[in-house]
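Take this structure, written in structure tokens, and hold onto it; I'll ask about it next.
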Amino acid sequence: MNPKHIAVDDTIMRVNMPVMSTTEIFRGYLSPIDAHVITLLEANDYTINSVPLSQNFGTDLSELPLQQVREVFKGDISACLVNDPFGSFKQLATKENLIFLQPSYASVSRYGLVQHVPSMDQIGILAKDISTAYELLSVIQSIDPKDGVMTERNTVSLTPNKLEARVAFDASLLNSTNDEYGELLNSIAKDLNAVDVKLIYFDISKQVMTILAAAELSHSINRYDGVRFGYRSADASNLEEIYEKSRSESFSIGMKLFGILGVFVLSQNNSKRYYEQAMKLRRMIKESLDYVKYDVILLPTEINGNNYTNLAIFSQAPLAGLASLTFSKGNCGIQLLAKPYHEQQLLETYNRIISKD
Amino acid sequence: MEDLRVLEEIEKFSLTDEERVTIEAMIERYYESFNELDGIDTSGIEPLVSVISQSNIMREDIAKHTVTRDDILSGSHSESVEYFEIPGILR
Amino acid sequence: MKYEVVIGLEVHIELSTESKLFCSCPVKFDAAPNENICPACAGMPGIPPVLNKRAVELGIIAGLVTNSKISSVTAFDKKNYFYPDLPTGYQITQFFAPICKDGYIDIELSDRTKRITLKQIHIEEDAGKLVHTATSTLVDLNRAGVPLIEVVSNPDFSNAEEVIAYLEKLRSLMTFASVSDCKMQEGSMRCDVNLSVRETGAIQLGTRTEIKNMSSFKSITEAIEYESNRHIEALETMSEVLVQETRGWDDDAKETYAMREKENFDDYRYFPNPEIMPVVIDSSVVDKLKRNLPEMAHEKLLRLTEQLKLPVIETKQITASKTLSDIFDSTLALTGNPKEVLNWIVVELLSIQRGENKSVDDIVIDTKKFADIIKMVEQRTINRNVGKKLLQLLVEQDINPTNYVTEHNLIIISDNSSVESVVDEILNTHQGVVSEFLEGNQKVYGFLVGQTMKQLGGKADPKVVNELLRSKLASME
């Protein structure tokens, strides 16, 4: 494993290279710019392979690109950067003995990252080990005036903390996991002296996430219209056909699903009931994770049910802008959430968990 | 729940019959689940637009070129090196 | 009048910034197609928008000069629709929290002053331009992303006269405050007219149509008159059913036409743009901008007429144009004689401009050289006629007046002996005319002066010529 040899998903743009090649949308398009993180990595002597990983959403939001990830990590590549708004790569990390470090929103520049859900997009680190992940974080985490959500106040401190992070755990979530898994998590919680907490908005997080993500995504993809670049249908002889055929032919079913859903929740008749309500609930979710009595929240990485139900787990961090670390100890998938810019506490809690046998 | 075709038209794409069946089912499912949100009292709560609470992130008014026209137009479908081109006349 | 016309205006004004609203591309009129674009304003992926601070300041200033309430928090939203001049498929505008609200502009009409109230002013990005050929449509995105303010009035207008008075006042306010150069012919000021007609005294508004594509004050007047009549006729004769729609103005046919249905977008699905942080406007920022406001046209008029005692009519000509006002100010700073400067601009410069068929706003002149000409005439180094010629050459070719005078030997002839000998010569040559003058025909005096001046190469000091000619003629009586 070479800590300086990494992959980046090709939604992270690089000069003269193709973009998001898992989709037809960008066919023929070469990026005119380097993403800011690429510039930082190259300045720090990283060798970078661009890989097409990001799925353009199957109908099942948490479709796991297992084969593709395994391919990437076959050689000496030590980590891969990818934007993971819905948690597919985090889930995958637990199954492949990898680590997924998700930096706090706005701590890593989005300049050069293909937009999906602008209020949640963040370049995350899928790594073979924890030190590679944190090494990368220290390189890519820096203020970039080219990203209008970044300011000096959004900085991550990676200096060790004097005090142990206080951990919180919502035991009621175990009602939805299988017994064996629940027991493993319970014992980890106990080892960490976790305080009991109730995530009161956990169950409705998936709806809030879906509504907001669909609304934003459906309008992020409006620019893919066959007019100026990328895929244009060979059958199109006028503007309407360019729009309709190019988009129909190049969009995946998942993008169409979210496109339709997004337009639905924002339409004049519906926007108050769905979009506005979801924005209000987002505030309530964020404020309920107040980090007063705890510094880190421990969560499972899957609960019984379907992928939609699971979305609640991976919605917490993007809805509230939190930093997260997802990994597995043995068979036990674990997600830790920290307050924004407190990634160091994730590392320290990870070490506590892993070092315990 | 609106007719899917109306929404398709707004989003400027169309579904194949197969896609429509799948998507209709998924949307129904989401739509049902959204009902759970109706009952939650959010009166007095400000909608959250961004998790970032900072304001006034702006840049100085300095003009500069970051790429050339060729960089941008080279990926386009026009024969022209000056314009993006759409065949047909806009009614 | 059985019917009354109710009009509201939406005026789009391009802000005088160096760069675009959300990216650093230059803002320049008349650039080669797609010369000033980048992945952001061309709607390509991956580039976050970053707000231009100066655009916000100009928005505040626009609010200050229109007596508007400046919002303490303002934010940006997405307005979604598909059109080829809109690269991202949405326009970033201000729907929920515009920068200014509830202002007003007082306009002078022939018989009274009227107050036009404003609903709001908001900042938004402009769209690109489409060029139509016989077989295709070409897209130029230079203008996409250029910062605009949209000044939205309440439906307070009743006719075209009021609309034009308002647009002139709005242009004066925005140009003097350096918010914009407001050149309709360049598209930096564009006006959409919302018009409806109802029976006089009725409370409900009639069906409203929106008229676009008028590129001059003249076409706005014509369009309003046409559309008002079309509405009235429809109501009177029921020959046509009025629908709420957007109509274009055809300047050749002099009529409005229904625009493609696609222009009538119904649901823009506005939502807040999460990538652009709200702007909190502190009152100290507003106060500072207010303190630093340039002198407005009406303030200048007052100062020049009352303090400097300049004549009202001529001064009004200067204050009607920011360009002329600027020329006046900087020339005056170099010469110190306001009456002279005023006269040179209003009489000489404007007549040259009319001859060149240019718009007043397009006059470009090196005011230092202009001042030099004025000073040379004042100091009687050259005579006024030579000065006028130099001014013409300065406007046409940007000559250096001082050098030109030397090179072409245009210095005034004022020594009496040279002038006298020519006067004698002229009186001798044109004895018949002299006799006419002595018989009482005053009009021929001008001929004698003209001939003398001509003989002296146009360089004589008219004062000296007059003195000598008058005295010699007097001695002949």
Side-chain angles (χ1 to χ4, degrees), chain A residues 28-30 32-33 59 105-106 119 145 148-151 153-154 203-204 206-208 210-211 218 222 225-230 232 236-239 241-244 247-248 251 253 256-257 259-261 263-265 267 273-274 276-284 286 308 319-321 340, chain B residues 1-2 4 6-16 18-20 22-23 25-27 29-31 33-38 40 42-54 56-60 66-68 70-78 84-91:
Chain A
Y29 180 71
L30 299 178
I33 52 115
T59 52
Y105 182 75
S119 79
V149 301
M150 301 189 90
T151 64
R153 281 153 74 181
N154 309 353
D203 288 329
I204 51 113
K206 61 187 186 298
Q207 289 95 322
V208 174
T210 304
I211 289 170
S218 68
N222 279 358
D225 57 11
V227 172
R228 290 151 289 107
F229 67 97
R232 183 190 280 193
S237 57
N238 61 44
L239 179 68
E241 288 181 1
I242 288 177
Y243 283 155
E244 201 264 330
R247 289 164 71 82
S248 302
F251 281 13
I253 189 169
K256 290 180 184 176
L257 168 65
I260 288 173
L261 203 51
V263 166
F264 172 70
V265 301
S267 71
R273 181 177 175 192
Y274 296 115
E276 206 178 297
Q277 181 75 338
M279 284 206 287
K280 292 178 174 186
L281 289 168
R282 185 177 189 181
R283 182 178 295 282
M284 288 159 74
K286 180 173 194 294
Y308 188 35
L319 286 174
Chain B
M1 176 70 219
E2 257 121 289
L4 237 50
V6 172
L7 297 170
E8 286 171 53
E9 195 180 315
I10 294 171
E11 267 298 86
K12 303 279 185 205
F13 56 64
S14 50
L15 302 174
T16 62
E18 216 179 280
E19 285 174 333
R20 189 166 293 114
T22 315
I23 287 185
M26 298 222 55
I27 299 230
R29 188 178 158 217
Y30 285 128
Y31 186 58
S33 77
F34 293 166
N35 291 337
E36 274 175 62
L37 303 185
D38 289 337
I40 307 177
T42 55
S43 49
I45 307 284
E46 267 300 297
L48 184 77
V49 177
S50 171
V51 297
I52 301 299
S53 55
Q54 272 96 62
N56 298 28
I57 302 182
M58 299 184 278
R59 70 184 156 84
E60 293 300 320
T66 49
V67 297
T68 67
D70 266 349
D71 290 333
I72 304 277
L73 280 175
S74 56
S76 75
H77 302 278
S78 20
F84 301 97
E85 198 170 339
I86 303 165
I89 309 174
L90 283 185
R91 282 179 289 106

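Below, chains carry the letters A, B, ... as their sequence lines are ordered, and counting in each starts from 1.
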Region of B/I10 that comes under 4.5 Å of a non-hydrogen atom in chain A:
side chain
What part of A/L319 lies closer than 4.5 angstrom to a heavy atom of chain B: side chain, backbone, both or neither?
backbone
What part of B/F84 lies closer than 4.5 angstrom to a heavy atom of chain A: side chain, backbone, both or neither?
side chain
Tell me, for B/E19 versus chain A, whether the close heavy atoms (under 4.5 Å) come from the side chain, the backbone, both or neither.
both
Side chains of B/S33 and A/Y308: do they bring a donor and an acceptor to under 3.5 Å?
yes
Check whether A/N222 gets within reach of chain B through its side chain, its backbone, both or neither, counting any heavy atom under 4.5 Å.
side chain
Using a 4.5 Å cut-off on heavy atoms from C-beta on, say whether the side chain of A/K286 contacts that of A/R283.
no
Select, from B/D71, B/V49, B/I52, the one with the greatest count of heavy-atom pairs under 4.5 Å involving chain A.
B/I52
For A/P32, which atoms come within 4.5 Å of any heavy atom of chain B: side chain, backbone, both, or neither?
both
Without hydrogens or angle criteria, can the side chains of B/T42 and A/Q277 be said to hold a donor-acceptor pair below 3.5 Å?
yes
Heavy-atom check, side chain of B/Q54 versus side chain of A/V149, under 4.5 Å
no
Which atoms of A/I242 approach chain B - backbone, side chain, both or neither, heavy atom under 4.5 Å:
side chain
Does any donor atom in the side chain of A/E244 or B/S14 lie under 3.5 Å from an acceptor atom in the other side chain?
yes
Nearest-0.5 Å distance that lies between atom CE in A/M284 and atom CD1 in B/I40
6.5 Å
Answer with side chain, backbone, both or neither: which region of B/S50 has an atom nearer than 4.5 Å to a non-hydrogen atom of chain A?
side chain
The interface call for A/K256 against chain B, heavy-atom contacts under 4.5 Å, is both
Residue set satisfying salt bridge (charged side-chain N to carboxylate O under 4.0 Å, His left out) with B/E8, at least two apart, ordered chain then number -> B/R20
Contact leader toward chain A among B/E46, B/R59, B/M58, where contacts are heavy-atom pairs under 4.5 Å
B/E46
Test of understanding: with salt bridge (charged side-chain N to carboxylate O under 4.0 Å, His left out), list the residues that count as partners of A/R232, not counting sequence neighbours.
none
